[in-house]
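One structure is given below, encoded as structure tokens.
Scope of the values below: all heavy atoms of this structure, side chains included, with no hydrogens, waters or symmetry mates. Since we're looking at a predicted model, the values are computed, not measured. Convention: sequence-line order gives letters A, B, ...; per-chain numbering from 1.
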Amino acid sequence: MTSPTLVWFRDDLRIADNPALTAAAERGAPIVALFILDEESAGMRPLGAASRWWLHHSVESLRARLAERGVPLVLRRGAAGVVVRAIVRESGASAVFWNRRYASAERAIDSELKSGLRSDGLEVQSFAASLLFEPWTVQTGAGTHYSVFTPFWRACQALPAPRLPLPEPQLLHPGSAGVQRIVASDTLADWNLLPTAPDWAAGLRETWTPGEPAAHDRLREFVATDLPLYDQARDEPSAGATSLLSPRLRWGEISPFSAWHAATGAGGSARFLSELGWREFAWHTLFFFPNLATANLRAEFDNFPWPQPDAQALRAWREGNTGFGIVDAGMRELWHTGHMHNRVRMITASFLVKNLLIDWRIGEQWFWDTLVDADAASNPFNWQWVAGSGADAAPYFRIFNPELQAKKFDPHGLYVQQWAADASPLKIVDLGLTRKAALGAYDVVKRSGRP
DNA sequence: AAGATCTTGTT
DNA sequence: ACAAGATCT
């Protein structure tokens, strides 16, 4: 019996353009695939509810597709460092391959495992798969990381172009099926990832098909029909011109390399590529600032005089009952579909922080819980961008006016009509007064930064 | 990835 | 009178 190669899947729930899986296939030995639900290791952020829903269906899709190719996907729950060692023992694996992760708790787990397994004599390899540019390869002239997007993205584009995506590896080796030891697996149902009592996921089911095949279908459709109009239409939430790739990228059902080359091959859109760039920049930032979700990137924002949060206002924001059509439409779209148009994310976030004066971390946590694309880097990065506390952030005095934004980007009210036709017109705040209050609070931050 | 207001240019 | 552009916050 040949000792197998263990491929540990994490944020890369795909078969195509999966360098770890391809390298395992080339190694020739049978493959055992593993996915761990790690709710135990120190520092792991618990998945939000919408993320758990997506994960369930995406893992199910991956399991079925690997099974068709003769590769068992073992599911286990527990601290990854312990589980991987157990699976190595149980399977008799002599090599362990995975694609890299970039958040700090995950990196700590992975590097400890890599050195531990290697000193046990195993072959361990990690691969670049989830980012176009490894964070440490993008450096300023001074050898530091970037804190402003434009020079960051310029530096990325001066690096060698992103590699071509890898084709699906050949996984079925004649005679290899069934020769592996059987390794016990949880069932997905054991993990209780889906909501019950109540089952609030009907809107998610209507909206999304998780899994690699649907991700590629969407990419093809986006490139063929939406990309030509992208630059002009991406900011109109009723236009349906955005890629809808965010949850697929977050879970790695499709790689950024596939998205990059599909877009450039179709004539490209500098704007769409730069959106991929913002995703890169968010991960670049998280890599060098691991507390991005909890700490202000600009330390002077620690002096922001947040008032006691208004529980009623917060609830109205969450439920889409603020009386501002575009805010309410966005929050309802989010609740129903687990997604919100990018422009509207900025508007609703600005409203929470700058009109309700509620700490960006509270909004970030709500998005974390309700977005199917909740991403450990992009979500806190973008909240800090809106709040003004982040990297290359919106200046503190840039306060969106939701009514002007609606006039500009939803001039016919189609988006508001779609999501908030029945919303109450009663406005919970005065935009002018709350704007002044926010400017006053930011002034405190500004003055605190001076000697 | 902005808003308010002031300035300049065109009817 | 109004719009586009510059400037400050």
Side-chain angles (χ1 to χ4, degrees), chain A residues 146-154 156 230-239 241-243 245-246 269-285 292 297-298 300-301 304-305 324-327 330 334 339-357 360 363-364 367 371 373 375 377-411 415 427 429-450:
Chain A
Y146 281 96
S147 49
V148 178
F149 174 72
T150 306
F152 166 80
W153 193 229
R154 199 179 302 129
C156 288
Y230 186 80
D231 294 21
Q232 162 208 330
R234 63 149 270 134
D235 270 325
E236 295 167 35
S238 69
T242 58
S243 74
L245 289 175
S246 54
S269 146
R271 191 72 198 276
F272 176 69
L273 297 180
S274 88
E275 296 303 328
L276 293 176
W278 278 97
R279 175 177 176 276
E280 299 285 317
F281 188 45
W283 279 99
H284 183 81
T285 304
L292 189 64
L297 195 56
R298 291 167 184 259
E300 67 265 31
F301 269 74
F304 194 101
F324 296 93
I326 197 144
V327 173
L334 172 60
H339 184 267
M340 195 196 301
H341 185 278
N342 173 255
R343 164 65 45 182
V344 188
R345 292 190 198 201
M346 294 194 277
I347 298 169
T348 55
S350 171
F351 186 80
L352 184 79
V353 173
K354 299 184 178 180
N355 293 109
L356 301 184
L357 278 183
W360 63 265
E364 195 275 344
F367 275 28
L371 281 171
D373 62 25
D375 180 284
S378 293
N379 196 47
F381 175 95
N382 285 314
W383 272 93
Q384 293 219 48
W385 184 89
V386 169
S389 63
D392 194 16
Y396 73 95
F397 46 79
R398 185 187 285 175
I399 298 173
F400 283 58
N401 178 322
E403 290 171 341
L404 290 177
Q405 288 282 315
K407 216 172 276 176
K408 244 186 242 183
F409 299 110
D410 189 35
Y415 178 73
K427 300 173 182 175
V429 289
D430 179 290
L431 293 180
L433 293 178
T434 51
R435 180 174 198 279
K436 269 185 201 144
L439 287 173
Y442 283 111
D443 211 41
V444 173
V445 169
K446 201 170 56 170
R447 278 182 285 118
S448 76
R450 285 206 279 264

- Euclidean distance, atom NZ of residue A:K407 to atom P of B:dG3 [Å, nearest integer]: 11 Å

- Whole-Å distance separating the CG atom of A:N401 from the P atom of B:dA2: 12 Å

- Given atom CE of A:M346 and atom C1' of B:dG3, what is their separation to the nearest angstrom? 15 Å

- Message: Counting runs of three or more consecutive pairs, Watson-Crick or G-U wobble, with each distance below 3.5 Å, where are the stems of DNA chain B?
- Response: B:2-10 with C:1-9

- Quick one: sort the A:F281 and A:F381 rings into parallel, tilted or perpendicular, breaks at 30° and 60°. perpendicular

- Message: Working to the nearest 0.5 angstrom, can you tell me the gap between A:F351 CZ and A:N401 CG?
- Response: 10.5 Å

- For A:A387 and A:K354, work out which heavy atoms get closest and say how close. O-CE, 4.0 Å

- Item | N-O pairing of A:E275 and A:R234 below 4.0 Å | yes

- Query: A:E403 CD to B:dG3 C1': how many Å, rounded?
  - Reply: 14 Å

- Message: What's A:R345 touching, base or sugar-phosphate or nothing? Going by heavy atoms closer than 4.0 Å.
- Response: nothing

- Between A:D430 and A:K436, is there a salt bridge with N-O shorter than 4.0 Å? no

- Message: At less than 4.0 Å, is any side-chain N or O atom of A:R398 found next to OP1 or OP2 of C:dC8? Yes or no.
- Response: no

- Closest heavy-atom pair and its distance - A:I347, A:F400: CG1-CD2, 3.9 Å

- Message: How many whole angstroms separate atom CH2 of A:W385 from atom P of B:dA2?
- Response: 6 Å

- Query: Are OP1 or OP2 of B:dG3 and a side-chain N or O of A:K408 less than 4.0 angstrom apart?
  - Reply: yes

- Message: What contact category does A:L439 fall into here, base, sugar-phosphate, or nothing, at under 4.0 angstrom with non-hydrogen atoms?
- Response: nothing

- Message: Checking contacts here: which listed nucleotide (C:dT9, B:dG3, B:dA2) is nearest the side-chain heavy atoms of A:R343?
- Response: B:dA2

- Using atom CZ of A:R435 as one end and atom C1' of B:dG3 as the other, report the distance to the nearest whole Å. 5 Å

- Note on the structure: In whole angstroms, the gap separating P of B:dA4 from CG of A:L433 amounts to 13 Å

- Provide, to the nearest angstrom, the distance between the OH atom belonging to A:Y396 and the P atom belonging to B:dA4. 15 Å

- Query: Do the ring planes of A:F149 and A:W153 sit parallel (below 30°), tilted (30 to 60°) or perpendicular (above 60°)?
  - Reply: parallel

